[in-house]
Amino acid sequence: MTEQRQDLLLGAAFAVLGAAAAFKAAAYPGASGGYPMALGLILAALGAVVSLKALKEHYLNERPLTENTPRMVLTLVCAAIYLALVPVLGFYTASALVVIALPIVLGFRQPVYLGAVTIVFIAIVWSVFSLLLEKPLPAEFWTRF
C-alpha cells in the first residue's frame, strides 16, 4: 500500500473516531464530558490534517504497514494485559508495570533510566488526574485491604 493511501485512510479513521468520541462525550451530564470531548475534537482535527496533507501531496512510495511485526504484536499483547490489569491492580500500579515491562519486552536494557522514567511518568499522571482535573481513577489493589 502506498504511503499516501495509508496516510489518507489512517487520518480519516482517526478523524471519524475523534468526532464520534466528541459527539458521545457531548451527551455526558454537566461538565463531565468536557475533557473527553476536547480530546475527541483534537483527535479528529489531527486526523483530518493527516488526511488533507495526504491528499495534497502526491507520493507513490510503497511502505510496509509495520517494519517489525513481532514487536508490534508484543506491544499489542502488553496493551491487552495492561487493560486487563487496570481493574485488578489499579491504574497507577498497572501503568507503572506497563511503563517498565514494555521497554524491557522490546529490548531496552537500562534499568536506572527506566526506573526514573517510570517515576516521572506516574508523577505526571497523578498530578494531571488528581490535582489538575480532580478525577478519580480506579483504586489501587492495596487500598482494598
Side-chain angles (χ1 to χ4, degrees), residues 1-111 113-141:
M1 185 179 288
T2 65
E3 288 183 39
Q4 182 179 18
R5 184 175 292 157
Q6 283 180 358
D7 289 350
L8 181 64
L9 292 174
L10 191 60
F14 279 114
V16 169
L17 181 66
F23 180 75
K24 181 154 178 83
Y28 290 173
S32 65
Y35 182 68
M37 185 169 66
L39 288 178
L41 291 173
I42 290 169
L43 182 63
L46 291 175
V49 166
V50 169
S51 287
L52 291 173
K53 185 178 176 195
L55 283 174
K56 183 179 174 186
E57 296 181 11
H58 297 286
Y59 40 94
L60 301 174
N61 298 336
E62 290 291 322
R63 177 174 60 191
L65 194 54
T66 178
E67 291 181 14
N68 193 322
T69 303
R71 285 189 174 187
M72 182 193 71
V73 170
L74 284 171
T75 302
L76 292 174
V77 168
C78 284
I81 291 170
Y82 169 69
L83 291 174
L85 287 179
V86 168
V88 176
L89 298 179
F91 181 80
Y92 297 112
T93 303
S95 296
L97 288 175
V98 80
V99 168
I100 291 170
L102 185 59
I104 291 171
V105 166
L106 297 177
F108 188 78
R109 301 287 186 259
Q110 294 182 2
Y113 180 75
L114 194 53
V117 167
T118 302
I119 291 168
V120 169
F121 173 76
I122 294 299
I124 290 170
V125 170
W126 178 81
S127 298
V128 168
F129 283 98
S130 297
L131 301 177
L132 184 64
L133 298 175
E134 297 179 355
K135 297 290 181 188
L137 294 171
E140 298 301 304
F141 73 96

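Quick caveat: nothing in here was measured; it's all calculated off a predicted structure.
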Which donor-acceptor pairs under 3.5 Å do the side chains of residues 70-85 make with protein atoms, sequence neighbours left out?
residue: R71; atom: NH2; partner: L106; partner atom: O; Å: 3.1
residue: T75; atom: OG1; partner: R71; partner atom: O; Å: 2.8
residue: Y82; atom: OH; partner: S95; partner atom: OG; Å: 2.9

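In terms of the side-chain hydrogen bond (donor to acceptor under 3.5 Å, both in side chains) criterion, S127 has no residue partners (sequence neighbours excluded). Not counting sequence neighbours, P87 has no partner by the side-chain contact (heavy atoms from CB on, under 4.5 Å) test. Judged as a side-chain contact (heavy atoms from CB on, under 4.5 Å), and not counting sequence neighbours, the contacts of A44 are A19. By the side-chain contact (heavy atoms from CB on, under 4.5 Å) test, F141 is found to be paired with L89, T93, R144, F145, residues two or more places apart in sequence or in another chain being considered. For L114, the side-chain contact (heavy atoms from CB on, under 4.5 Å) partners two or more places apart in sequence, or in a different chain, are I100, P103, I104, F108. For T118, there are no side-chain hydrogen bond (donor to acceptor under 3.5 Å, both in side chains) partners at least two apart in sequence or on another chain.
Evaluation of the side-chain hydrogen bond (donor to acceptor under 3.5 Å, both in side chains) test over residues 21-30, restricted to residues two or more places apart or in two chains, returns none.
Under a cut-off of 6.0 angstrom, the local environment of CZ in F14 is sparse, with at most 12 non-hydrogen atoms contributed by other residues, nucleotides or ligands.
The distance from atom CD of E140 to atom CZ of F91, rounded to the nearest 0.5 Å, is 9.0 Å. Taking CE of M37 as the reference point, atom CG of L39 lies at 10.5 Å (rounded to 0.5 Å). Annotation: the span from L46 atom CG to L41 atom CG amounts to 11.0 Å, rounded to 0.5 Å. Interatomic distance, Q4 CD to L9 CG, rounded to the nearest 0.5 Å: 10.5 Å.
With a 4.5 Å cut-off on side-chain heavy atoms, V50 and L10 do not count as touching.
Across every non-hydrogen atom of G11 and S51, the tightest pair is C-OG, 3.1 Å.
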